[in-house]
Amino acid sequence: MWSIDSLRFESHFVAAPLAGISNPVYRMLCMRHGAAYTVSEMISDKALHYHNAKTFGMCRVFEEEHPVALQLFGSDPVTMGEAARYLEESTSCDMIDINMGCPVPKVIKAHAGSFLMQNPALASDIVKAVKENTKKPVTVKMRIGWDKEHVNCVEVALRCQEAGASAIAVHGRTRGQMYSGEVDLASIKAVKDALRIPVIGNGDVKTPEDAENMFRKTGVDAIMIGRGLLGRPYFLEQLRNPGMQEPSYEKKISLVRDYAEKLCAYEGEKGGTMMMRGMTGWFIAGMPCASRYKNRLAQASSLAMMLDILEEYRLFLLEKQ
C-alpha cells in the first residue's frame with residue numbers, strides 16, 4: 001500500500017499518459033486490469049484559456065476510471081493556474097499532473113514539457129501556481145534532464161516538492177535521448193533518495209523482471225508504464241501476479257473487439273475506426289499470421305469491417321489449434 005496525500009493505492013503500477021491514446025476508454029481499460037491510477041494525455045493550458053471545445057472534451061472523466069489524474073502542459077504560470085482552477089471546479093479528476101517530460105518538438109517550441117527541465121525556477125513557479133488553484137493533489141512527470149551534460153532531475157524535483165507537488169514521476173532519460181538509449185536508474189534513485197514525497201519510476205518496463213529490477217535498484221514507491229501497455233493492458237495484472245499466463249488468442253481477440261467497440265462509441269465510428277487502424281496491431285502482435293491481418297485491419301473503413309476481420313482471424317486461430 002502507498003499513497004499520494006489522502007489517495008491510497010494497493011497496486012504499485014500506474015498507467016502513463018500517452019498522447020492520442022490515454023482517453024477515458026483506454027484509462028478505464030487500464031483500471032479494469034489493475035492500475036493504481038491513470039493519467040490523461042496532455043491538456044493544453046492555453047487551449048483551455050481560449051475555450052477550445054475539443055480540449056474541454058479531453059477533460060471528461062467517467063465514474064469507472066477513478067482515480068485519475070488529468071495532465072496539463074504549458075509554460076505560463078498564470079494560464080497554468082487558470083487551467084488548474086478549471087479542472088478543480090469543472091471536472092471530477094482526482095489529481096492534476098504537470099507535464100515536464102514530453103520531448104516532441106511541438107511542445108518544446110512552446111517552452112513546455114521537458115523544456116522546463118532547463119528552467120528549474122519556472123518549473124517551480126508553475127507547480128506553485130497550479131497548487132494555489134486546486135485542492136487536489138498536484139503531481140509532476142519529468143525527465144532526468146535536458147541532455148547528458150545537464151542531468152538536473154534532483155534539483156528540479158526538490159523545487160517542485162517545495163512548491164507543493166505531492167508526488168514526482170521520473171522518466172529515466174534526458175530530452176536528448178527521446179525514447180532511445182538506456183534508462184538511467186541511478187538518476188531515478190537519486191530523486192527517490194532526495195525527496196520526502198512519493199517517487200514513481202518510468203521507462204522501459206516491459207516484463208515483470210524489468211519492474212523488479214527498477215524497484216530493487218531505485219526504491220521507488222511505484223512504477224509508471226506507458227508503451228509497455230500498448231495492446232496488452234493485462235500486463236498490469238501480470239505485474240501484480242507473477243507467473244500469470246498470457247491470455248489465450250481468443251481472449252486477445254475479444255479484448256481488441258471490445259476496445260474497438262467502446263472507442264467507436266466514445267469517438268464516433270469514423271474517428272474510432274481511424275484510431276483503431278493503428279492500434280489493432282499492438283493487440284495481436286506475436287500471434288500466428290498477425291501481419292497478414294494487421295495489414296487488413298489497418299485498411300478497415302468501418303467498425304463492422306474491422307469486427308468481421310477480427311472474427312475471421314478468430315476462426316483461423318481456432319483451426320490452427
Test of ring centre spacing under 6.0 Å for Tyr249 and Tyr313: no
Which atoms form the tightest heavy-atom contact between [X] and [Y], and what is the distance?
X      : Y      : answer
Pro137 : Ile4   : CB-CG2, 4.0 Å
Leu263 : Val25  : N-CG1, 4.0 Å
Leu116 : Gly74  : CD1-O, 3.8 Å
Met305 : Ala300 : SD-CA, 3.6 Å
Ile144 : Met117 : C-CE, 4.1 Å
Ile126 : Pro77  : CG1-CG, 4.0 Å

Looking at [X] and [Y], would you say the former's side chain and the latter's main chain have a donor-acceptor pair under 3.5 Å?
X      : Y      : answer
Gln161 : Ile197 : yes
Ser114 : Cys102 : yes
Asn152 : Glu155 : no
Ser75  : Ala110 : yes
Glu269 : Leu303 : yes
Asn133 : Val130 : no
Arg27  : Val39  : no
Gln299 : Arg296 : no
Ser180 : Gln177 : yes
Ser124 : Pro120 : no

Arg232 NZ/CZ over Tyr234 ring centroid, <6.0 Å and within 45° of normal: no
Given the ring of Tyr179, does Arg143 sit roughly above its face, with NZ or CZ under 6.0 Å from the centre of the six-membered ring and within 45° of the axis? yes
Short N-O contact, [X] and [Y], less than 4.0 angstrom:
X      : Y      : answer
Arg85  : Glu88  : no
Arg32  : Glu64  : no
Arg196 : Glu162 : yes

Please say yes or no: joined through hydrophobic side-chain contacts below 4.5 Å, possibly via intermediate residues, are [X] and [Y] part of one cluster?
X      : Y      : value
Val14  : Met31  : no
Val220 : Ile168 : yes
Leu310 : Met279 : yes
Leu230 : Met276 : yes
Phe73  : Met80  : no

Is the shortest side-chain heavy-atom distance between [X] and [Y] below 4.5 Å?
X      : Y      : result
Met306 : Thr273 : yes
Ser187 : Val170 : no
Gln118 : His150 : no
Val154 : Leu195 : no
Met95  : Lys136 : no
Ile223 : Ile200 : no
Leu239 : Met244 : no
Asp204 : Glu182 : no

Near [X] [atom1], under 6.0 Å, is it more than 12 heavy atoms from other residues, nucleotides or ligands?
X      : atom1 : value
Lys294 : NZ    : no
Gln245 : CD    : no
Met274 : CE    : no
Glu212 : CD    : no

Please test Ser166 against Asp5 for side-chain hydrogen bond (donor to acceptor under 3.5 Å, both in side chains), starting from the C-alpha separation and ending with a verdict. CA-CA 7 Å; Ser166 297; Asp5 290 355; 2.9 Å; yes
Between Trp146 and Phe115, how do the two ring planes meet: parallel, tilted or perpendicular, split at 30° and 60°? perpendicular
Parallel, tilted or perpendicular: ring planes of Tyr259 versus Tyr26, cut at 30 and 60 degrees: perpendicular
When rounded to the nearest 0.5 angstrom, what distance separates [atom1] in [X] from [atom2] in [Y]?
X      : Y     : atom1 : atom2 : answer
Lys46  : Glu82 : NZ    : CD    : 8.0 Å
Tyr86  : Asp45 : OH    : CG    : 14.0 Å
His66  : Glu63 : NE2   : CD    : 4.5 Å
Arg240 : His12 : CZ    : NE2   : 8.5 Å

From the list Leu297, Leu307, Thr280, side chain to side chain contact (heavy atoms under 4.5 Å, CB included) partner of Val256 resolves to Thr280
Quick one: do Arg314 and Glu311 satisfy salt bridge (charged side-chain N to carboxylate O under 4.0 Å, His left out)? Show the steps, please. CA-CA 5 Å; Arg314 186 185 73 84; Glu311 177 62 12; 2.8 Å; yes
Using the rule given for side-chain contact (heavy atoms from CB on, under 4.5 Å), can you reason through Met1 versus Glu10, listing the C-alpha separation, both sets of side-chain angles and the distance that settles it, and then say yes or no? CA-CA 5 Å; Met1 186 78 73; Glu10 291 187 8; 3.8 Å; yes
Kindly indicate, with the supporting measurements, whether the criterion side-chain contact (heavy atoms from CB on, under 4.5 Å) is fulfilled by Asn202 and Ile188. CA-CA 9 Å; Asn202 174 232; Ile188 296 176; over 6 Å; no
With sequence neighbours excluded, residues passing side-chain hydrogen bond (donor to acceptor under 3.5 Å, both in side chains) with Lys192: Asp221
Run the side-chain contact (heavy atoms from CB on, under 4.5 Å) test on Glu41 and Leu18 for me, step by step, so that the C-alpha distance in whole Å, both residues' side-chain angles and the decisive distance to 0.1 Å come before the verdict. CA-CA 5 Å; Glu41 58 185 315; Leu18 294 167; over 6 Å; no
Got a sec, which residues hit ring-ring contact (aromatic ring centres under 6.0 Å, His included) with Phe13, two or more places apart in sequence or on another chain? Phe215
Holding to salt bridge (charged side-chain N to carboxylate O under 4.0 Å, His left out), I want the full list of residues that pass it with Asp125, two or more places apart in sequence or in another chain. none
Give a yes-or-no answer on whether the side chains of Thr139 and Asp97 include a donor-acceptor pair shorter than 3.5 Å. yes
Mind running side-chain contact (heavy atoms from CB on, under 4.5 Å) on Leu318 and Glu250 for me, showing each step along the way? CA-CA 8 Å; Leu318 285 174; Glu250 185 145 14; 3.7 Å; yes
